[in-house]
There are 2 protein chains.
Amino acid sequence: MSSQPVARTTGDRQRDAQRTKAEILAVAQAEFARRGYAGARVDEIAALIRTTKRMIYYYFGGKEQLYVAVLEKAYREVRAAERTVDVEHLAPVEAIRTLAELTFDHHDAHQDFIKLVSIENIHHAEHLRKSKVLANLGTPVLDLISRILAAGQASGDFVTEVDAIDVHMMIGAFCFFRVANQHTFGALFGRDLTVPEHKARHRKMVGEMIVAYLRGAGDTP
Amino acid sequence: MSSQPVARTTGDRQRDAQRTKAEILAVAQAEFARRGYAGARVDEIAALIRTTKRMIYYYFGGKEQLYVAVLEKAYREVRAAERTVDVEHLAPVEAIRTLAELTFDHHDAHQDFIKLVSIENIHHAEHLRKSKVLANLGTPVLDLISRILAAGQASGDFVTEVDAIDVHMMIGAFCFFRVANQHTFGALFGRDLTVPEHKARHRKMVGEMIVAYLRGAGDTP
DNA sequence: CTAGCAATGTACGAACTAGTAAGTTAACAT
DNA sequence: ATGTTAACTTACTAGTTCGTACATTGCTAG
């Protein structure tokens with residue numbers, strides 16, 4: 001009955017729209033992250049794939065739409081990863097500490113995404129704003145933080161009055177910075193943030209930082 | 001005796017090398033911060049000044065050297081500002097809190113600089129590394145932090161064992177993030193980080209965060 | 001087996017962009 | 001006063017870069 005073409009599972013076809021599209025997206029993501037929006041070259045992206053530049057225009061329409069598609073894919077993957085986080089079985093202090101450490105790991109593992117976000121901010125998030133997909137993506141982690149904060153306040157572990165967005169920002173800022181600014185930081189302070197000792201120490205630091213802050217230890221007496 | 005042309009103080013000369021150079025640098029800084037290195041256009045920079053594109057090549061040699069000159073100028077100004085910070089008359093807790101708040105103010109006041117740093121990181125700090133000026137610029141704030149930490153440990157106010165660079169990074173990460181990522185953050189969380197309420201709250205947050213962390217409140221019991 | 005169309009390749013052009021050759025003028029030293 | 005040179009302008013080019021017109025071929029339904 002179905003008139004839809006059945007998606008074949010064998011991957012060795014010469015013509016495969018989905019594979020071509022996916023390949024373009026993957027290469028484009030690396031290229032945009034590496035060179036920025038203006039610095040990326042459509043011809044260079046085309047040269048790095050099986051197919052030709054024509055396909056980029058066939059499937060995406062143009063450089064800008066390709067860039068938006070890359071952004072959308074990257075954000076979708078991040079949000080999907082966020083949804084797999086499960087720390088609600090932990091006590092509030094351990095829950096927020098673990099969330100901070102998982103956020104740290106996640107940023108460390110997705111450096112291309114960090115770069116894309118940096119690039120998008122240089123452009124005042126104009127592409128992100130254009131995308132309807134990204135507007136309706138939601139931020140599951142915020143609800144999680146809200147619940148942890150409520151539990152921590154109820155138990156008395158957390159004293160500081162703060163909302164979930166600010167907590168998310170405080171954790172994210174630290175995790176983002178050490179990836180996004182590793183090169184200038186390394187050059188200016190002579191410290192390579194990628195070496196395991198620093199990484200492990202910083203991972204601990206985020207957790208301790210957010211717990212100390214939520215316990216209210218920074219208050220003026 | 002002197003064969004050097006005396007620098008005239010009247011600013012109304014038609015030809016003034018220093019003024020032209022300074023004007024090019026100022027416009028270029030704005031343009032590079034706005035569009036990124038690849039996105040900035042030499043013709044556009046030229047169009048925004050009194051003089052012509054030829055002068056950019058006359059004084060700086062090319063687009064890349066102009067960019068490096070902009071970077072050098074921006075970093076020099078930042079380091080100069082750092083040297084004016086005086087918090088050593090304060091007790092350790094107040095000293096580090098004040099330093100954090102001043103860092104916050106400084107980042108907030110120099111958003112173009114933040115953007116240039118983001119851009120430079122996208123390019124793996126390759127230009128920054130090339131510059132001999134920037135290699136020998138030093139980081140006066142690190143010594144300051146070291147002294148505050150030593151005083152705090154001596155007085156018993158600070159318990160956490162941490163070095164100055166990590167403290168600088170923790171403060172800087174927060175201050176940097178809210179400026180650098182304001183656009184994607186605003187679009188995704190519906191929160192405009194530039195509105196005074198948020199800004200004032202975040203300014204307090206940095207101070208409380210670093211004090212709480214240094215007091216060792218995040219330690220596992 | 002074949003018609004029809006999605007998918008793909010080739011070749012090219014219009015517009016842009018960094019950089020330069022060659023000539024001109026203002027300001028200063030003497 | 002005037003020669004010299006730094007400061008400046010104009011007009012141009014060679015190369016790049018996004019995008020497209022047009023031709024072609026593999027895949028699948030029936």
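To find a chain, count down the sequence lines: A is the first, B the second, and so on, and within it residues start at 1. What you see is a predicted model, and the numbers here were worked out from it, not measured in a lab. For the numbers below, each heavy atom of this structure counts, side chains included, while hydrogens, waters and symmetry mates do not.
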Does any residue of residues 38-45 of chain A have a heavy atom under 4.0 Å from DNA chain D, and if so, which ones, in number order? A/Ala40, A/Arg41, A/Val42, A/Asp43
Within this structure, what is the CD-to-P distance between B/Gln18 and D/dA6, rounded to whole angstrom? 15 Å
Assess the residue pair B/Val85 and B/Val141 against the criterion (side-chain contact (heavy atoms from CB on, under 4.5 Å)); give the C-alpha distance rounded to whole Å, side-chain angles, the decisive distance to 0.1 Å, and a yes or no. CA-CA 8 Å; B/Val85 173; B/Val141 79; over 6 Å; no
Regarding A/Asp166 and B/His202, do their side chains bring together a donor and an acceptor under 3.5 Å, going by distance alone? yes
With no hydrogens and no angle check, is any side-chain donor or acceptor of B/Ser118 less than 3.5 Å from a backbone partner on A/Ser118? no
Could you tell me whether the side chain of A/Ile119 reaches within less than 4.5 Å of the side chain of A/Phe32, counting heavy atoms only? no
Hey, is the side chain of B/Thr52 poking within less than 4.0 Å of OP1 or OP2 on D/dC8, counting only N and O atoms? no
NA contact type, A/Thr51, heavy-atom cut-off 4.0 Å: base, sugar-phosphate, or nothing? sugar-phosphate
Parallel, tilted or perpendicular: which describes the rings of B/His127 and B/Tyr37, with under 30° parallel and over 60° perpendicular? tilted
Output side-chain donor-acceptor pairs under 3.5 Å for residues 169-180 of chain A, partner residues at least two apart or in another chain, one line each.
| residue | atom | partner | partner atom | Å |
| --- | --- | --- | --- | --- |
| A/Arg178 | NH1 | A/Asp108 | OD1 | 3.1 |
| A/Arg178 | NH2 | A/Asp108 | OD1 | 3.2 |

Tell me the salt bridge (Lys or Arg N to Asp or Glu O under 4.0 Å) pairs involving residues 112-131 of chain A, sequence neighbours left out? A/Glu64-A/Lys130
So that I can tick it off, tell me whether B/Arg50 and B/Asp16 are bridged by a salt bridge, with the cut-off set at under 4.0 angstrom between side-chain N and carboxylate O. no
Round to a whole Å and report the spacing from CZ of B/Arg15 to P of C/dA26. 6 Å
To check you understand the geometry: which heavy-atom pair defines the closest contact between A/Asn121 and B/His183, and what is its length? OD1-N, 3.0 Å
Closest contact, heavy atoms only, B/Leu137 versus B/Arg79: CD2-CG, 3.5 Å
Rounded to whole Å, the NZ-P distance (A/Lys53 to D/dT17) equals 10 Å
Terminal helix-axis angle for the helix from C/dC1-D/dG30 to C/dT30-D/dA1, with five pairs defining each axis and rounding to 10 degrees: 20°
In residues 54-72 of chain A, which ones come under 4.0 Å of DNA chain D, going by heavy atoms? A/Arg54, A/Tyr57, A/Gly62, A/Lys63
Quick check on side-chain hydrogen bond (donor to acceptor under 3.5 Å, both in side chains): which of B/Lys199, B/Arg203, B/His110 does B/Asp105 satisfy it with? B/Arg203
All heavy atoms of B/Ala40 vs all of B/Lys63, minimum pair found to be O-NZ, 2.9 Å
Ion pair present between A/Lys73 and A/Glu77, side-chain N to carboxylate O less than 4.0 angstrom? yes
Does anything in residues 20-35 of chain B reach DNA chain D, meaning a heavy atom under 4.0 Å, and if so which residues? B/Thr20
